[in-house]
Protein chains: 4
Amino acid sequence: MRHCTLIPSMARARSPEKRNAILDAAVQEIATAGLGAPTAKIAGRAGVAEGTLFTYFASKDELLNQLYVELKSEVYTRMNAEFPDKASLQRRAWHIWSTYLGWAVAFPKKRKVSVQLHLSDVVSAETRAQIAGQRGATDATIAELGERLALRGLPEGFAAAAMSAMQEATMDFITKQPRRREELIEKAFAVFWRLFR
Amino acid sequence: MRHCTLIPSMARARSPEKRNAILDAAVQEIATAGLGAPTAKIAGRAGVAEGTLFTYFASKDELLNQLYVELKSEVYTRMNAEFPDKASLQRRAWHIWSTYLGWAVAFPKKRKVSVQLHLSDVVSAETRAQIAGQRGATDATIAELGERLALRGLPEGFAAAAMSAMQEATMDFITKQPRRREELIEKAFAVFWRLFR
Amino acid sequence: MRHCTLIPSMARARSPEKRNAILDAAVQEIATAGLGAPTAKIAGRAGVAEGTLFTYFASKDELLNQLYVELKSEVYTRMNAEFPDKASLQRRAWHIWSTYLGWAVAFPKKRKVSVQLHLSDVVSAETRAQIAGQRGATDATIAELGERLALRGLPEGFAAAAMSAMQEATMDFITKQPRRREELIEKAFAVFWRLFR
Amino acid sequence: MRHCTLIPSMARARSPEKRNAILDAAVQEIATAGLGAPTAKIAGRAGVAEGTLFTYFASKDELLNQLYVELKSEVYTRMNAEFPDKASLQRRAWHIWSTYLGWAVAFPKKRKVSVQLHLSDVVSAETRAQIAGQRGATDATIAELGERLALRGLPEGFAAAAMSAMQEATMDFITKQPRRREELIEKAFAVFWRLFR
DNA sequence: GATGAATGAGGTTTCATTCAT
DNA sequence: TATGAATGAAACCTCATTCAT
């Protein structure tokens with residue numbers, strides 16, 4: 001009979017599975033209970049001990065910031081995949097518009113949490129900067145849209161803000177009428193696009 | 001002949017000043033600390049004892065609901081005052097647009113708190129219904145805007161949501177460049193109006 | 001038109017009606033909410049202001065003590081009325097037994113409150129002494145019962161305690177089967193009386 | 001071959017000692033201050049932090065219910081140990097009588113708290129049912145006593161209530177004359193027994 | 001690294017009592 | 001005398017974080 005402790009501590013890297021389990025659990029809990037969701041519950045749902053959560057994230061704030069980064073990355077990854085770089089501005093704008101709304105429809109809880117984090121001030125300026133750096137291919141398109149509005153005297157970034165705001169408004173209606181989802185995404189884009197014609 | 005005995009020997013009337021002081025303090029505290037702002041701090045800033053807050057509001061939830069009603073009333077009161085009923089749709093839309101942004105610029109903390117309350121679920125359905133009933137003169141205009149988008153297949157209420165969304169986007173830029181406030185309000189409206197042309 | 005204040009303040013004695021209203025209200029509230037029933041609720045039910053309660057009773061403890069005295073007086077008054085001084089010991093014991101249970105059946109809330117006060121330690125030793133002095137005609141009978149048990153080596157007062165305890169036990173069953181009320185009172189007495197035969 | 005990995009690396013087991021310390025402290029505090037005794041004081045006397053109490057008991061009510069179960073179990077355990085199943089009814093009744101009073105004399109505070117809990121309505125019906133299921137050997141004897149009184153037209157359970165009532169009356173005198181304890185227990189039983197002869 | 005018991009500051013709310021009116 | 005707003009000390013309970021195991 002061998003002593004188990006004789007097996008050298010394998011120095012496993014902190015398992016990414018557990019990290020993801022915690023982030024997923026956080027989404028679920030926060031979607032239902034808000035940002036005040038207790039870390040104990042998050043850990044519980046993730047199937048790890050209360051204390052374990054703090055070996056993966058130094059504090060709740062840290063967890064929240066990383067969660068925000070994760071959610072935004074997920075969106076930008078989707079967006080940058082198969083980005084139609086060469087297409088017309090309208091087609092590229094449509095890609096951004098529909099990809100985001102597609103994600104939001106597919107993962108309503110993630111979107112809900114993302115919005116909450118966006119508005120809260122637990123998300124630090126550093127985190128927000130870090131995310132801005134991940135926009136990748138979308139950046140050029142957003143910038144082009146911005147230029148069109150700049151011609152009308154609006155500041156840089158206004159186009160991005162307007163798009164984001166209109167997307168959220170659209171999502172609210174999709175939540176109420178999920179069946180009309182595809183139709184609403186298209187029609188709302190048609191209206192949105194008028195801003196730039 | 002007046003009845004004297006009918007006037008009960010009153011202790012002290014519950015003063016509207018104190019009520020307002022509490023609501024004001026709540027705005028300040030919540031703007032800085034979020035909806036989790038402690039009632040003790042709110043009371044403290046209002047210059048009343050911890051317990052006094054609860055003679056004016058049965059619970060923190062109640063306070064939050066009434067605060068939301070108060071903030072929305074303030075906006076609608078402004079909006080309905082001198083509402084240009086007979087003017088063109090565009091001019092009426094402009095009235096709503098500029099009145100709201102004017103208020104938001106004048107009281108950025110109130111606006112911040114109002115948005116937070118709007119998104120939170122401490123604000124009950126009853127409260128929301130009560131507010132809807134105060135929209136008054138703006139309602140017809142919003143409905144007219146809605147009809148225009150309805151022609152393009154979007155649901156009722158989408159116009160209102162879009163306006164609100166664009167206003168918030170605009171506000172975010174005004175916060176960053178307060179000097180250009182008037183200009184931004186006008187130019188953003190010009191862009192916004194394209195949705196309906 | 002005369003000034004009402006010109007009528008000299010009549011220095012009305014503190015109205016016994018109000019005092020009684022407060023005591024009655026206290027019974028109702030305490031029966032439902034226990035001794036922790038708030039003075040504000042008691043005052044409310046009595047139809048007087050919160051502060052008024054404290055012009056009739058210096059403190060909540062004071063109110064509770066006086067309430068206990070009042071309830072006990074009520075019982076002793078009933079008991080001493082038409083007390084069959086000349087009857088046999090058994091008949092006199094029966095008078096005490098049935099009068100108390102009759103009262104308890106008629107005013108279950110008063111009985112409930114009385115028991116709660118009896119067990120609590122808000123009722124001071126002085127109050128308890130004061131009540132003891134009101135037993136009047138029953139005293140001799142209780143003492144006689146006590147003597148019978150004294151012959152069997154039990155301390156003075158044991159009979160009274162036993163009677164009281166058995167009465168409460170009986171009441172608990174009457175509460176469960178109110179229809180059998182009269183029967184239970186009689187049969188329980190028959191059993192109780194065996195202690196003294 | 002034993003599996004080592006199956007034994008989870010435990011933090012610290014919830015110690016029965018601490019649980020008992022809290023229950024003991026509760027007895028002390030409640031005996032002095034009543035059921036309103038603050039949880040903070042109970043925790044303090046138990047030598048644990050305020051919050052710790054709530055890792056052992058979900059709420060104050062829960063603590064109170066478990067305390068009642070504990071106290072009653074203690075009594076029934078004593079009673080069922082060496083219960084003279086084969087003895088005469090009188091001897092068995094005496095066993096119950098003297099065991100309870102022996103416990104009450106040995107732990108007057110526990111008895112006081114037990115009585116308070118019995119009368120209060122923080123003790124749920126479930127808890128009462130759970131306790132009823134622990135009566136074990138005493139049950140048959142109590143039932144036999146009940147039958148005797150049933151012959152005289154009294155409801156089932158009356159005997160138990162009467163015994164309990166007389167025991168409490170007896171305890172009150174023992175508290176005043178602790179020296180005569182053994183004698184009082186015996187003599188009071190002799191009188192009590194007359195109810196069944 | 002993983003665990004979960006332990007901590008105690010801090011949150012909301014209640015309530016006996018006071019006192020200006 | 002009557003009133004009820006005002007008070008602030010507790011009360012119960014939650015929860016992020018620590019640390020012995």
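Residue numbering restarts at 1 for every chain, and letters A, B, ... go by the order of the sequence lines.
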### Message
Applying salt bridge (Lys or Arg N to Asp or Glu O under 4.0 Å), can you list everything that pairs with B:Glu50, at least two apart in sequence or on another chain?
### Response
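Expected list: none.
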
### Query
For C:Glu74, which residues count as a salt bridge (Lys or Arg N to Asp or Glu O under 4.0 Å) partner, sequence neighbours excluded?
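Expected list: C:Lys110.
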
#### Entry: First of C:Val48 and B:Lys18 reached from the 5' end of DNA chain F, by closest nucleotide
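Of the two residues, C:Val48 wins.
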
#### Entry: Whichever of D:Ser15 and A:Gly47 has its nearest DNA chain E nucleotide further upstream toward 5'
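Residue closer to the 5' terminus by nearest nucleotide: A:Gly47.
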
How long is the line joining [atom1] of [X] and [atom2] of [N], in whole Å?
| X | N | atom1 | atom2 | result |
| --- | --- | --- | --- | --- |
| A:Lys41 | F:dC15 | NZ | P | 8 Å |
| D:Leu63 | F:dA11 | CG | P | 15 Å |
| A:Ile22 | E:dA2 | CD1 | C1' | 11 Å |

With a 3.5 Å cut-off and sequence neighbours excluded, list the donor-acceptor pairs that the side chains of residues 21-28 of chain D form with protein atoms.
{"unit_1": "D:Gln28", "atom_1": "OE1", "unit_2": "D:Lys109", "atom_2": "NZ", "d": "3.1"}

### Message
Show me the dot-bracket string of DNA chain F, counting Watson-Crick or G-U pairs under 3.5 Å, with | for pairs to another strand and [ ] for crossing ones.
### Response
.||||||||||||||||||||

#### Entry: Distance test, side-chain N/O of B:Tyr56 to OP1/OP2 of F:dA6, below 4.0 Å
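Yes, such a contact exists.
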
### Message
Taking side-chain hydrogen bond (donor to acceptor under 3.5 Å, both in side chains) as the definition, give me every residue that meets it alongside C:Thr127, ordered by chain and number, with sequence neighbours left out.
### Response
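Testing C:Thr127 for side-chain hydrogen bond (donor to acceptor under 3.5 Å, both in side chains), a comparison that skips the adjacent residues, returns C:Asn65, C:Ser124.
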
### Polar side chain donor-acceptor pair, D:Glu70 to D:Gln66, under 3.5 angstrom
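Judged by distance alone, the side chains do not pair up.
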
### Message
Do A:Gln130 and A:Glu126 pair up side chain to side chain, a donor and an acceptor below 3.5 Å, judged on atom types alone?
### Response
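No, no side-chain donor-acceptor pair sits under 3.5 Å.
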
### Query
If you check every side-chain atom of A:Thr52, which of F:dT7, E:dA2, E:dA6 has the closest atom?
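Per side-chain heavy atoms of A:Thr52, the pick is E:dA2.
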
What are the atom names and distances for every N/O pair under 3.5 Å that joins the protein to nucleotides 14-17 of chain E?
{"unit_1": "E:dA16", "atom_1": "OP1", "unit_2": "C:Lys60", "atom_2": "NZ", "d": "3.0"}
{"unit_1": "E:dA16", "atom_1": "OP2", "unit_2": "C:Thr39", "atom_2": "N", "d": "2.7"}
{"unit_1": "E:dA16", "atom_1": "OP2", "unit_2": "C:Thr39", "atom_2": "OG1", "d": "2.8"}
{"unit_1": "E:dT17", "atom_1": "OP2", "unit_2": "C:Lys60", "atom_2": "N", "d": "2.9"}
{"unit_1": "E:dT17", "atom_1": "O4", "unit_2": "C:Glu50", "atom_2": "OE1", "d": "3.3"}

